[in-house]
S.K.: 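Mind looking over this structure? Questions follow.
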Amino acid sequence: NAGVTQTPKFQVLKTGQSMTLQCAQDMNHNSMYWYRQDPGMGLRLIYYSASEGTTDKGEVPNGYNVSRLNKREFSLRLESAAPSQTSVYFCASSERPGQETQYFGPGTRLLVL
Amino acid sequence: QKEVEQNSGPLSVPEGAIASLNCTYSDRGSQSFFWYRQYSGKSPELIMSIYSNGDKEDGRFTAQLNKASQYVSLLIRDSQPSDSATYLCAATSGTYKYIFGTGTRLKVLA
């Protein structure tokens with residue numbers, strides 16, 4: 001039982017490049033989330049998926065897109081990376097949205113040059 | 001803009017002492033509250049959840065919730081150097097969302 005897994009662990013991009021961050025959970029959770037964490041800013045919600053087949057914007061969605069591929073997988077795509085997207089990205093899941101404990105993946109450290 | 005506020009610290013306590021971490025939230029509709037511990041370079045891990053007014057104890061940890069004052073706290077008894085980390089307070093907001101504070105850095109001095 002791996003919990004929440006994320007790939008890659010580290011990534012360096014040049015401005016304008018694109019990439020997809022992958023997230024998978026094996027806890028049969030319905031809800032999944034993408035956050036970014038910056039120094040002094042705390043965790044900020046980018047997008048969430050309350051259940052399979054639905055996605056919604058969070059606090060800072062600009063420059064990102066998401067896909068809930070199935071119940072297990074939720075990916076985050078940067079179409080044209082910018083230096084302001086340098087951050088640590090965490091995926092999380094919970095059994096039900098907005099009430100239950102969230103479980104976090106190990107994070108992806110992204111540097112955009 | 002719904003907010004969760006925490007003192008950034010660092011809060012320094014000697015080994016064996018009680019560490020008291022505090023958090024206030026702005027959304028009166030928040031129903032569920034969580035304390036996460038985050039070691040440097042690692043992901044947040046759940047310490048406690050609390051849903052109703054009063055105290056909830058789990059080992060050396062006690063969470064306290066006062067919805068009238070919109071206040072959540074975490075007490076760590078017999079603090080150990082291994083408790084040194086950043087503690088994140090989170091509150092649910094609306095139907096689907098969680099709002100996180102910026103965290104309090106705790107340093108337990110041996």
Side-chain angles (χ1 to χ4, degrees), chain A residues 2-7 9-10 21 23 25 27 29-52 54-61 66 68 74 87-109, chain B residues 1-10 21-52 56 58 61 63 65 72 74 85-105:
Chain A
V4 181
T5 57
Q6 291 182 238
T7 55
K9 287 186 170 54
F10 303 96
L21 282 63
C23 174
Q25 52 92 9
M27 295 176 282
H29 284 170
N30 291 300
S31 304
M32 299 184 73
Y33 309 81
W34 276 105
Y35 292 91
R36 60 178 289 174
Q37 187 175 39
D38 303 292
M41 300 291 289
L43 283 160
R44 292 184 292 169
L45 182 65
I46 304 171
Y47 270 93
Y48 65 97
S49 172
S51 60
E52 186 179 357
T54 69
T55 60
D56 282 288
K57 295 178 180 179
E59 182 185 354
V60 288
V66 291
R68 183 75 183 266
F74 189 37
S87 188
V88 180
Y89 292 85
F90 289 104
C91 178
S93 71
S94 65
E95 188 170 346
R96 290 183 297 167
Q99 300 173 55
E100 307 284 340
T101 300
Q102 290 185 310
Y103 296 88
F104 286 83
T108 294
R109 283 155 181 74
Chain B
Q1 179 82 355
K2 310 297 185 186
E3 292 184 340
V4 172
E5 296 192 358
Q6 299 180 253
N7 188 318
S8 61
L21 304 164
N22 305 313
C23 165
T24 59
Y25 60 95
S26 64
D27 184 358
R28 284 201 168 273
S30 294
Q31 295 293 317
S32 306
F33 304 87
F34 307 89
W35 282 100
Y36 287 86
R37 177 176 62 200
Q38 187 174 26
Y39 292 113
S40 181
K42 301 295 186 182
S43 60
E45 56 177 331
L46 182 73
I47 298 295
M48 296 279 289
S49 59
I50 187 165
Y51 304 99
S52 54
K56 179 181 178 182
D58 184 359
F61 300 94
L65 173 61
V72 191
L74 180 70
T86 296
Y87 288 80
L88 304 176
C89 175
T92 55
S93 181
T95 308
Y96 301 121
K97 298 180 185 177
Y98 302 76
I99 306 295
F100 284 81
T102 55
T104 298
R105 192 156 64 96

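If you're wondering where the values come from, they're calculated on a predicted model, not measured in any experiment. Just so it is clear: chains get the letters A, B, ... in the order the sequence lines come, proteins before strands, and each one is counted from 1.
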S.K.: Relative to chain B, which segment of Phe104(A) carries a heavy atom at a distance below 4.5 Å: side chain, backbone, both, or neither?
M.R.: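 The answer is both parts of Phe104(A).
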S.K.: Distance check, rounded to the nearest 0.5 Å: Leu43(A) atom CG versus Ile99(B) atom CD1?
M.R.: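 Those atoms lie 11.0 Å apart.
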S.K.: Select one option (side chain, backbone, both, neither) describing which atoms of Gln102(A) are under 4.5 Å from chain B's heavy atoms.
M.R.: both
S.K.: Please classify the contact of Ser31(A) with chain B as side chain, backbone, both or neither, using a heavy-atom distance under 4.5 Å.
M.R.: neither
S.K.: For Tyr25(B), look at atom OH and say whether over 12 heavy atoms of other residues, nucleotides or ligands are found less than 6.0 Å away.
M.R.: yes
S.K.: If you take the centroid of each ring, where Trp contributes its six-membered ring, are Tyr98(B) and Tyr48(A) closer together than 6.0 Å?
M.R.: no
S.K.: Where does Arg44(A) contact chain B at under 4.5 Å (heavy atoms): side chain, backbone, both or neither?
M.R.: neither
S.K.: Can you tell me how far apart OG (Ser49(B)) and CD (Glu100(A)) are? Round to the nearest 0.5 Å.
M.R.: 9.0 Å
S.K.: What part of Thr102(B) is in contact with chain A, defined as an atom under 4.5 angstrom from a non-hydrogen atom: side chain, backbone, both or neither?
M.R.: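 Both the backbone and the side chain of Thr102(B) come within 4.5 Å of chain A.
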S.K.: Chain B: which of Glu59(A), Met41(A), Gln37(A) shares the most heavy-atom pairs with it under 4.5 Å?
M.R.: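 Counting heavy-atom pairs under 4.5 Å, the top option is Gln37(A).
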S.K.: Could you please state which residues from residues 34-47 of chain B sit under 4.5 angstrom from chain A, measuring non-hydrogen atom to non-hydrogen atom, sorted by number, or 'none'?
M.R.: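 Contacts with chain A: Phe34(B), Tyr36(B), Gln38(B), Gly41(B), Lys42(B), Ser43(B), Pro44(B), Leu46(B).
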